[in-house]
2 protein chains.
Amino acid sequence: MDKPAPRRVTIVDVARHAQVSTTAVSKVLRNAYGASPAMRTKVQQAIADLGYRPSAAARGLRGQTYTIGVMLPELRNLFFADILDGITAQLGDSDYQVLLAPGCNGEKAEARVIDAMIDRSMDGLVLIAPVSAKSRLNEVARSVPTVVVGRHGSSPAYDSVTDDDIAGAALVVEHLAGLGHRRIAHIEHHETDRVRLAEMPNAQRAHGYREAMIAHGLEDQIDIASTSYTQAGGYLGARQLLDRPVRPTAIFAGADVVALGALEAIAEAGLSVPGDISVAGYDNSALAAFGPISLTSVDQDGRQMGVNAARLLIDRIDQRDRRTAQIKLSPTLVIRRTTAAR
Amino acid sequence: MDKPAPRRVTIVDVARHAQVSTTAVSKVLRNAYGASPAMRTKVQQAIADLGYRPSAAARGLRGQTYTIGVMLPELRNLFFADILDGITAQLGDSDYQVLLAPGCNGEKAEARVIDAMIDRSMDGLVLIAPVSAKSRLNEVARSVPTVVVGRHGSSPAYDSVTDDDIAGAALVVEHLAGLGHRRIAHIEHHETDRVRLAEMPNAQRAHGYREAMIAHGLEDQIDIASTSYTQAGGYLGARQLLDRPVRPTAIFAGADVVALGALEAIAEAGLSVPGDISVAGYDNSALAAFGPISLTSVDQDGRQMGVNAARLLIDRIDQRDRRTAQIKLSPTLVIRRTTAAR
DNA sequence: AAACATTTGGAAAACGTTACCCACATCACT
DNA sequence: AGTGATGTGGGTAACGTTTTCCAAATGTTT
């Protein structure tokens with residue numbers, strides 16, 4: 001009863017059953033040129049009869065593995081999950097299977113995972129918010145079709161999909177300024193690395209904040225607390241800002257979790273939101289939408305980003321030497337109950 | 001400058017560089033018997049010199065791929081993320097790489113993903129809360145080492161790791177009864193399938209609820225709203241319960257999201273928690289721990305479940321025909337602010 | 001010194017596909 | 001009929017490993 005699993009059926013079995021050559025079967029499998037309709041149906045019948053499934057390992061040795069690897073820094077981040085949804089939706093009915101590595105935080109884990117994916121002959125890679133050195137990314141992209149999501153800057157080797165973080169920051173400042181706020185502060189994720197300073201979304205948001213403040217004639221009101229994109233970072237940043245001689249009337253947190261920490265600090269200081277201070281976040285995560293919190297936040301269409309990434313990747317797999325493209329999507333502002341006129 | 005990526009270095013290159021046979025290199029790679037220490041160091045040096053990395057595709061054709069596949073129904077579920085953490089922590093410093101398929105909800109998607117993993121010659125599979133027919137699971141487990149997580153019942157083919165949902169439900173009932181509650185209602189996930197009724201955690205929780213009520217002499221107070229494990233399901237279930245001639249004084253929701261929906265309905269009805277009604281959830285998700293919510297909930301140590309699953313899997317890969325094991329972990333109750341004496 | 005066991009290293013055959021050719025048949029046009 | 005283009009099918013050599021032998025060298029026991 002507990003039979004030891006029969007040998008897997010191979011292309012040879014199919015060929016024999018259909019009375020054709022293995023070459024013919026392979027052609028049918030790949031929709032390749034050189035197989036008559038009659039032959040196609042015959043082979044397909046045999047495949048169905050035998051329940052044949054191609055071995056990805058064997059395929060990988062010569063051709064494609066029909067596998068797309070996705071690397072993302074953190075599984076718990078819902079925004080990343082949205083991107084993933086977009087990718088899988090776009091690839092859903094293709095022959096490609098998406099596989100992802102569990103959260104790989106930090107350059108080292110990232111390198112390890114990317115190597116693992118290359119070792120497994122994946123046909124293409126989607127790197128979400130990678131922190132690796134740019135040279136490394138270029139190198140990777142040279143050895144396998146790659147799309148980078150959520151990191152600004154262009155490359156000759158990989159395509160990229162980003163959200164316009166500068167525009168997103170501007171949306172927030174504009175909204176708050178429109179409500180009459182002048183002392184609009186920002187909590188950013190501290191960044192030292194030169195390249196990242198230019199390419200990482202957090203840096204872009206801070207940059208966009210500064211530009212927008214200047215554009216609204218609020219240059220002298222620019223006030224940034226430099227902590228990290230975590231709840232603790234938000235708490236700390238807000239504490240710093242609340243201790244200023246003149247308190248800000250609005251805080252633009254670089255991420256929703258940061259805003260959450262800020263809300264905590266504000267409540268602790270006995271102040272009310274949005275009565276005393278308005279707070280806006282970034283990412284429009286489920287957290288922001290959650291009723292009792294109801295945080296004004298910038299929405300990046302993660303799903304759309306994923307869809308675009310998948311499209312670019314498939315394109316590149318088909319045509320490895322086309323020019324690289326950079327897709328930049330526009331964010332929108334979702335206004336909720338944590339921001340109000342002052 | 002945009003050089004076209006040099007050919008990958010293979011085992012043959014390493015062998016030549018180290019002046020040994022490819023067999024020797026292979027032996028060193030796998031720590032196999034038949035290689036002297038001197039030869040080991042020589043080969044390892046060559047591997048390092050050339051930056052050689054084995055091709056998983058080629059390996060898969062003969063031996064192992066050193067890849068573990070994880071299937072889980074939903075990426076956004078934080079409990080699943082905990083399990084995954086446990087798996088990767090346990091496998092972190094082994095040679096195995098964990099890859100997972102993005103959320104595969106439903107029997108069809110599940111089948112597709114499992115097939116894809118088998119096609120890719122993965123060395124082992126961890127199936128988290130699978131809904132497939134048991135016969136199918138057995139069949140899968142016969143063709144590749146498999147551990148099933150979060151589904152009760154034993155199999156001759158696969159190992160399983162579960163949390164004791166009956167005990168979890170009992171914890172809740174005991175806690176509430178201890179607070180003086182008698183009218184303790186339950187919101188369950190409606191289940192019709194026979195096998196699932198016995199094996200799925202949701203069914204076990206409802207079962208445990210019933211048993212515990214009886215054990216506390218509250219048999220005549222048993223009251224179950226049968227909806228689904230979603231926020232909407234919780235809302236609906238609570239509405240049903242609140243409409244009863246005699247309202248329950250406590251609601252045990254089968255999952256945290258369900259509790260959230262229930263809280264919504266209760267607030268809408270103008271009742272207070274825990275003043276008028278106590279509410280308890282299940283899973284102790286981040287949502288439950290979140291300050292403003294502070295939901296009493298049953299904690300399953302997902303991480304520990306993952307660790308155990310990974311251990312069992314590696315064991316089975318090493319020794320395919322050992323007896324199957326079932327590991328059952330004990331949940332604990334985390335008491336927060338949504339439950340109080342009546 | 002003979003007989004046997006163990007260690008060390010390698011040659012060569014898988015593994016299941018795809019890619020690159022070549023052969024033949026058919027067809028259309030001179 | 002001859003020439004070339006096109007369609008159809010297959011033979012076979014890769015691809016990069018692991019596995020299964022086997023042989024030689026070395027060590028150990030009689």
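As the structure is a prediction and not an experimental result, all values here were calculated from the model. The sequence lines fix the lettering, A, B, ..., with proteins before strands; numbering per chain opens at 1.
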With a 4.0 Å limit, can you tell me whether [X] has a side-chain N or O closer than that to the phosphate oxygens OP1/OP2 of [N]?
| X | N | value |
| --- | --- | --- |
| B:Arg62 | D:dT19 | no |
| A:Tyr66 | C:dT18 | no |
| A:Ser36 | D:dG9 | yes |

I need the [atom1]-[atom2] distance between [X] and [N], as an integer number of Å.
| X | N | atom1 | atom2 | value |
| --- | --- | --- | --- | --- |
| A:Gln64 | D:dC15 | CD | C1' | 15 Å |
| B:Ile118 | C:dG16 | CD1 | P | 16 Å |
| A:Asp119 | D:dC15 | CG | P | 19 Å |
| A:Arg8 | C:dT17 | CZ | C1' | 12 Å |
| B:Arg120 | C:dT17 | CZ | C1' | 14 Å |
| A:Ile11 | D:dA14 | CD1 | C1' | 15 Å |
| B:Arg59 | D:dC15 | CZ | C1' | 16 Å |
| B:Met39 | D:dA24 | CE | P | 18 Å |

Assess, by modelled atom type and distance only, whether the side chains of [X] and [Y] contain a donor and an acceptor separated by less than 3.5 Å.
| X | Y | result |
| --- | --- | --- |
| A:Thr324 | A:Asp159 | no |
| B:Ser132 | B:Glu110 | yes |
| B:Arg40 | B:Ser36 | no |
| A:Gln64 | A:Tyr96 | yes |
| A:Arg120 | B:Thr67 | yes |
| A:Gln45 | A:Asp49 | yes |
| B:Arg59 | B:Ser55 | no |

Side chain of A:Val20 (C-beta onward), nearest among D:dT17, D:dG10, C:dC15 =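 Of D:dT17, D:dG10, C:dC15, D:dG10 is nearest to the side chain of A:Val20.
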Candidates C:dT18, C:dG16, C:dT8 - which lies nearest the side chain of B:Pro37 =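 So the nucleotide nearest the side chain must be C:dT8.
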Is there a residue in residues 21-33 of chain A whose heavy atoms reach under 4.0 Å of DNA chain D, and which residues are they?
-> A:Ser21, A:Thr23, A:Ala24, A:Lys27, A:Tyr33
Starting from the 5' end of DNA chain C, give me the residue, B:Ala38 or B:Leu61, whose nearest nucleotide shows up first.
-> B:Ala38
